[in-house]
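The chains referred to below are lettered A, B, ... by the order of the sequence lines, with proteins before strands, and numbering in each begins at 1.
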Protein chains: 2
Amino acid sequence: MSSYAIEASWDRLDRNSGVPLHVQLRNALQQQITEGSYRPGEAFLTEREIAARYHVSRTTIREALVDLANGGYLVRQQGKGTFVARTRDAFDATRLSSFSEDMWRRGLRSSSRLLQVTDGPPAEDVAAHFGSDVRLVRRIDRLRFAGDEPISLQQSHLPLPRLAVSAEDLGDDSLYRLLEARFGVFVTTAEEVISAEVASTVDANLLGIAEGAPLLCVRRFAFSQTGEPIESACIRYRADKYKFYVQQTRGV
Amino acid sequence: MSSYAIEASWDRLDRNSGVPLHVQLRNALQQQITEGSYRPGEAFLTEREIAARYHVSRTTIREALVDLANGGYLVRQQGKGTFVARTRDAFDATRLSSFSEDMWRRGLRSSSRLLQVTDGPPAEDVAAHFGSDVRLVRRIDRLRFAGDEPISLQQSHLPLPRLAVSAEDLGDDSLYRLLEARFGVFVTTAEEVISAEVASTVDANLLGIAEGAPLLCVRRFAFSQTGEPIESACIRYRADKYKFYVQQTRGV
DNA sequence: CTTGACATGTTGTCATGACAATACGACCGA
DNA sequence: TCGGTCGTATTGTCATGACAACATGTCAAG
């Protein structure tokens, strides 16, 4: 019984299961890849080998292999063969990095100054992110520096009974680090909307630029690992000191 | 000559161009979609109709249609047909797309007006992209519209002996599509730097906004499938009409 | 030793054909 | 009117076959 199961998982596809053969094949191959049966960059089974092992046509094989290649598990090279992908990073990691990350990599220190912490009812877009249950949010205003120069103004909104961070807790530390340590909440995904504005008088004074100077404005809606909405933020960067870098690839 | 060109763009695929038929077909169908020839949710051409029109096998047709479905342009339903996608949730900034594709995903009709084409030595950042071999570039200025409203100003720079596109060739058509058809060059990756500026007098007049209004400024450096630098562009969007959307996921 | 021709193995492209699964309207009988 | 049957149109699945494009090693000629 168990020997049959083992054999089935290795080279038998069920033609009467109702599940398409190319799906069964794709799953079987994907399992072998994610199991670690192959080292990254190693040559994978050729179409001919798969045909011999699973007794399916090349049509079916190619359907499975192309799907896995599109999913970033395999890399196919005409004339050479099929190889297990070295990294799948390009498929789930962000391809957008900020100037501050660049600065951090180059060893430039970033710091921030807490401006004020206030509680109040959420504005419209903030309320839309947290849902109607949240009737009170804590707004945290910070001025952020790269080196000695002010770079950005950040307004963060947190849902209130849930994530009541205090000004003392926060200090000049990272908000996300505090959320992890204090509440066990990890921000894993975020949706960002990037826009442009001109500096108001108060923004200009804080950032040390002229009124009417261009600002890069980011609205961020952050979620935890469980999908819970965590933070709604509005960050205004000095456009002369901060730029976004995006790596684009062609999907279809 | 022109009648041939028109016919070619509609129902003729070039079997001797070296470009696979399913790629040509996919591009042709995608153009029809992003041009706005079909309303969202409307029934698209059936496989049979495509076969009759383009004289290719179902294998080729399915390859193109499945690609477009995976790309979020079409929805296929067994037994019913193929439909133009109704939801355009996939307009992520990390996806390389043409202006018309981008506008279509935002639910807008796109058009553009050619302003001028001039040749000259490259500016510093443009030269850095193309390398020191390129001593002359062609600059193409275009005004882009979303619906009836001007939305962006685009300056494209192309390396000159290599990619000499003419104003007549270009017309109001897609630059990338022209590069594919005319030179066999496919833009597959790009690096973008997103910044903010304020509108100059001339920009403001063209875009129909006030001088000093905020602009979202994008510098794009585009590469072909072989890694060859293809285009260096500067695009300035009206910040009140255009924003970037980014889905961030955290590594670790 | 170098170079080119050739064989071999790989993935890519395309056509043809058959049948299955699904959706839906037309028709017919109760 | 209701409900079931049937035909038709659609996309989904799978097989087979042929050739093209590309990579690589072998081997003989120079």
_Under 4.0 Å from OP1 or OP2 of D:dA9: is there any side-chain N or O of B:Thr46 that close?_
no
*salt bridge (Lys or Arg N to Asp or Glu O under 4.0 Å) partners of B:Glu228, counting only residues at least two apart*: B:Arg162
*Look at all strands and tell whether A:Thr60 reaches a base, only sugar-phosphate, or nothing, counting heavy atoms closer than 4.0 Å.*
sugar-phosphate
*Considering residues at least two apart in sequence or located in another chain, which fulfil the salt bridge (Lys or Arg N to Asp or Glu O under 4.0 Å) criterion with B:Glu231?*
none
*Of A:Lys80 and A:Val23, whose closest DNA chain D nucleotide lies nearer the 5' terminus?*
A:Val23
*Does B:Arg106 make a cation-pi contact with B:Tyr242 (under 6.0 Å, within 45 degrees of the axis)?*
yes
*Atom-pair distance (CD1 on B:Ile50; C1' on D:dT10), nearest Å*: 12 Å
*asked:* Rounding to an integer number of Å, can you tell me how far B:Ile61 CD1 sits from D:dT10 P?
replied: 12 Å
For residues 43-50 of chain B, please give each side-chain donor-acceptor pair under 3.5 Å, one per line with the distance, not counting sequence neighbours.
unit_1  : atom_1 : unit_2  : atom_2 : d
B:Thr46 : OG1    : B:Glu49 : N      : 3.1
B:Glu47 : OE1    : B:Arg58 : NE     : 2.5
B:Glu47 : OE1    : B:Arg58 : NH2    : 3.3
B:Glu47 : OE2    : B:Arg62 : NH1    : 3.2
B:Glu47 : OE2    : B:Arg76 : NH2    : 2.5
B:Glu49 : OE1    : B:Thr46 : N      : 2.8

*Taking salt bridge (Lys or Arg N to Asp or Glu O under 4.0 Å) as the test, write out the residues that go with A:Arg250, two or more places apart.*
B:Glu101
*Nearest-Å distance, CD (B:Glu47) to P (D:dT10)?*
9 Å
*For atom CZ of A:Arg58 and atom P of D:dA20, their distance in whole Å*: 14 Å
*Relative to the 5' end of DNA chain D, which residue comes earlier, B:Phe44 or A:Gln24, by the nucleotide with the nearest heavy atom?*
B:Phe44
*Contact boundaries on DNA chain C for chain B, cut-off under 4.0 Å to non-hydrogen atoms*: C:dT13 to C:dC24
*Name all residues meeting the salt bridge (Lys or Arg N to Asp or Glu O under 4.0 Å) criterion together with B:Lys241; count only those two or more places apart in sequence or in a different chain, and write none if there are none.*
B:Glu149
